[in-house]
Structure formats: structure tokens, C-alpha cells
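One-based numbering, in listed order, for ligands and for the atoms of each. For this chain, numbers begin at 1 and follow the sequence in order.
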Amino acid sequence: MAKDFICPYCKGKLNIDNDILLSVRNHEAKRGLISLSPEIGNYKTKTHSSFKLSEGERNDFFCPICHANLAALEFNENLVKVLMTDENQQVYEILFSGIEGERCTYKLHDQDIESFGEDSQNYMNHFGEFPKY
Ligand SMILES: [Zn+2]
């Protein structure tokens, strides 16, 4: 069984072949679709040629199935969260930056965090302590 990317809200599968498909709203409030690589640390994205994301601007990401906002507000409003299951059906939280051009991804499982990308230090302090209730 291959990796799957899953909406945390509706549990819908977000990947088709070698793309993760999300709905996105840019800073001009225009909406479009974006394709992300399922390979963590690969920041190549694809959008329709008429839909542009501007470097340094924050975009909002939504599940294309249930339209839930995927912002990871428990960590930082700039981060976007989806779930990933690996070949052993282990579930991870995957967080990436919603800011165009900011390269950081975090893979969380229980208390473990793996970080990826040249900008990954930008949010590490948000993971230092997990929330206590
Ligand atoms: Zn959903």
C-alpha cells in the first residue's frame, strides 16, 4: 500500500497518482486548484496558467472535497495541515507553509517531529512544547 494524503476533517483522499490536489485562495481572494508533490521536501507546485501565487504572500488552503480550511491554527496560522498514511498505515500529520516560496515541511507523529526544507527553522519554536490542556 502506497502513501496516501488525507483531509483531517472528511478523511477524503487528496492524492491522485503523483499529485496532491488542494483548493487554494490567494491574497487577492481568487480561488484555484494547486497540485503539490507527495514527496516531502519537493516544493514543485502546479497551478493553472491563469492562477498565480505571489512570492511571499500567504495563501489559504482548503480540502477540495469538503472545503474545510486546512490552516493548522494549533501551531501557526501560516501552516497548513494534512494527514499522511504510509505503507504500514501509520498516520502522520504533515504541516507545510502556506506562504508562497517558504520551504518548510514538518512530519509529526506522537511527540516526534521531522523537519524538511531550507526554511524549516522558521517555525520550529512552535513545536517546542506540545499544547497542555
Ligand atoms: Zn475534507
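Under a cut-off of 6.0 angstrom, the local environment of CD in Q121 is sparse, with at most 12 non-hydrogen atoms contributed by other residues, nucleotides or ligands.
Within the structure, every pair that satisfies the salt bridge (Lys or Arg N to Asp or Glu O under 4.0 Å) test and touches residues 34-51, not counting sequence neighbours, is listed here: D19-K46.
Listed by chain and residue number, the protein N/O/S atoms under 2.8 Å of the Zn ion (ligand 1) are C7 SG, C10 SG, C63 SG, C66 SG, with waters left out.
With no hydrogens or angles considered, a side-chain donor-acceptor pair links E102 and Y123 at under 3.5 Å. The closest side-chain donor-acceptor pair between N26 and E57, if any, does not fall under 3.5 angstrom. Between N15 and D4, the side chains place a donor N or O and an acceptor N or O closer than 3.5 Å (distance only, hydrogens not considered).
Taking a cutoff of 4.0 Å between a charged side-chain nitrogen and a carboxylate oxygen, K81 and E74 qualify as a salt bridge.
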